[in-house]
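Okay, structure first, notes after.
Letters go in sequence order (proteins before strands), and every chain restarts at 1.
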There are 2 protein chains.
Amino acid sequence: MVQFSTAHEVLTVVFQVRGLESENPQLSVLLWERALDPERGAWALPGGRLRDNEDLTSSARRQLAEKVDLREVAHLEQLAIFSDPHRVPGVRTIASTYLGLVPAPAQPELPPDTHWQPVDQLPPMAFDHHPMVLHAHARLIAKLSYTNIGFALAPKEFAVSTLREVYEAALGYQVDATNLQRVLTRRGVISRTGTTAAPGRAGGRPAALFRFTDDRLRVTDEAAALRPPA
Amino acid sequence: MVQFSTAHEVLTVVFQVRGLESENPQLSVLLWERALDPERGAWALPGGRLRDNEDLTSSARRQLAEKVDLREVAHLEQLAIFSDPHRVPGVRTIASTYLGLVPAPAQPELPPDTHWQPVDQLPPMAFDHHPMVLHAHARLIAKLSYTNIGFALAPKEFAVSTLREVYEAALGYQVDATNLQRVLTRRGVISRTGTTAAPGRAGGRPAALFRFTDDRLRVTDEAAALRPPA
DNA sequence: CCAAAAGTGTTCGTTGTACACCCATGG
DNA sequence: CCATGGGTGTACAACGAACACTTTTGG
């Protein structure tokens, strides 16, 4: 029967803000370089075939753990399905894409063919993986505005200035630290730990430390317009 | 090989606001009643197996056209994938769900086993189709707030009071006609046609007619917070 | 001229942005 | 005591909700 000649793969776009302590932190994607044809030398998203006894989310988690030894994914969500019959050569394969986020300080060990690539300098990519990254990035930018999704990118505890760097890297434009704090505090997204960080060698007032109130995705700005009557 | 024993189906949650000219319009879903086991007598979403040479969107369109003779779908978008290995008995089947919207005046011919069911009075449903409908409804409610998605539910031309009924049915709560007009006009979502509707027999000022400016989905309230600097 | 339906205007609170000003620390 | 970075306060504009008021029709 024809309907059995279709395979299903799961591909995950994993983002992390890297270089926080350096001059310019950057949002980066996890990619691996294909050693074999087709598309030898092109960069691909981590993932692979779906197994019989697992659902898609488990599969995404397993692939990341097995193939790139990455277990510190703080958030994972479905993106779109790519189903063009000719998106890859050979057996027809439908791809389910996921968005995965890794907190900033984590530095997992990576296999030699795997690297973090800044999202604004993507290398030539295999198959239809390039639009997948763009789609994931767009989703991340949107959700930073109306959810607490930043918890999955930021360190456990952080100064507001650090959080600003995380947001700037992910959004791709400058953010006012003052207002970032106000907006996120008003929404209950972040809260003070009570402790402070030591100032740098140049002096300056010690920064109050914050943490994200929740470590699960929450919508914090439900409906801007046409909300239910009070 | 195990990975070939998986089938893929497309299921579409089709919504329409019905009973606009009557006393209480309701948002309704298109469902058909299963005549055979498993789940005989339960209500199911329209859809079916994916063919070799079509992508998911084409498949959804084809299924609706073939099975329920429904061609007037004004908007169609991907929802989630349901991939629990045991979500249906027999061969493992992954379900891709779609949200479809049909404009209010359209009254397509339906097969005898197919009906429009009000979303707040859903009958017992087959497999995992019930959460799919809830998911689609939540998506619709959210998008009514920050996109022009109403174009796919409303008639071509309409008075603001009619549009209010559409929004109220879809959202499930009361909406102020004054503010609905202001918000949608300010965003450029609707615009006047220049013509007016004849008043009813009880009199009253003739209503100005509007239309949706676009007939494709557009985001009209991009980022409420953390938007790029001017 | 009155009821009914539609449309306009006004007020108010909330949210988000921009920016000036004050605070705490190291040298 | 001053540079540096952190934090608070204030002013302003935009948006949306609520509601009173005016306009236009049929009887």
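- Of the listed residues (Q78(B), E9(B), H8(B)), just one forms a side-chain hydrogen bond (donor to acceptor under 3.5 Å, both in side chains) with S96(B), and that residue is H8(B).
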How far apart are the C-alpha atoms of F127(A) and F82(A), what are their side-chain angles, what is the distance that settles it, and do they pass the ring pair (Phe, Tyr, Trp, His ring centres under 6.0 Å) test?
CA-CA 11 Å; F127(A) 314 118; F82(A) 289 72; over 10 Å; no

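- With the nearest nucleotide of DNA chain C identified for both A207(B) and P228(B), A207(B) has the one nearer the 5' end.
- Ring geometry for F210(A) against F158(A) counts as parallel: the plane angle stays under 30°, on a 0 to 90° scale with 60° as the upper cut.
- Taking only side-chain atoms of S161(A), from C-beta outward, the nucleotide of dG6(D), dA18(D), dG7(C) with the closest atom is dG6(D).
- Between R182(A) and dG7(D) there is no side-chain N or O to OP1 or OP2 distance below 4.0 Å.
- Taking the nucleotide of DNA chain C with the nearest heavy atom to each of A225(B) and F210(B), the more 5' of the two is matched to F210(B).
- No donor-acceptor contact under 3.5 Å links the side chain of T178(A) to the base of dT17(C).
- R227(A) comes within 4.0 angstrom of sugar-phosphate atoms only, judged by non-hydrogen atoms across all strands, and of no base.
- Heavy-atom minimum distance, L27(A) versus A169(A): CB-O, 3.6 Å.
- No engagement by A198(A) is indicated, since no non-hydrogen atom pair under 4.0 Å with the nucleic acid exists.
- Using modelled atom types and a 3.5 Å distance limit, the side chains of S191(A) and T213(A) yield a donor-acceptor pair.
- Going from atom CG of L226(B) over to atom C1' of dT17(C) covers 11 Å, rounded to whole Å.
- Dashed line: the shortest gap from a side-chain N or O of Q181(A) to OP1 or OP2 of dT8(D) is under 4.0 Å.
- Rounded to whole Å, the distance from CG on D221(A) to C1' on dG16(C) is 11 Å.
- Computed from coordinates, the L171(B) CG to dA17(D) P distance equals 11 Å when rounded to whole Å.
- As rounded to whole Å, 12 Å separates atom C1' of dG16(D) from atom OH of Y173(B).
- Residue contacts for R164(A): at a heavy-atom cut-off of 4.0 Å it reaches no nucleic acid atom on any strand shown.
- Here dG6(D) presents its C1' atom at 10 Å from CZ of R192(A), a figure rounded to the nearest Å.
- Atom C1' of nucleotide dT10(D) and atom CG of D176(A) are separated by 14 Å, given to the nearest angstrom.
- Whole-Å rounding puts the Y146(A) OH to dT15(C) P distance at 19 Å.
- OP1 or OP2 of dG16(C) has at least one side-chain nitrogen or oxygen of R186(A) nearer than 4.0 Å.
- Side-chain to base pairing of R205(B) with dT23(D): one donor and one acceptor N or O lie within less than 3.5 Å of each other.
- Atom C1' of nucleotide dT17(C) and atom CG of L180(A) are separated by 13 Å, given to the nearest angstrom.
- Across all strands shown, A208(A) has heavy atoms under 4.0 Å from sugar-phosphate atoms exclusively, and none from any base.
- You'll find the ring centres of W43(A) and H115(A) inside the 6.0 Å limit.
- For P206(A), counting side-chain heavy atoms from C-beta on, the closest listed nucleotide (dA24(C), dG7(D), dT24(D)) is dA24(C).
- In the set dT24(D), dT17(C), dA17(D), dT17(C) carries the atom at the smallest distance from any side-chain atom of N179(A).
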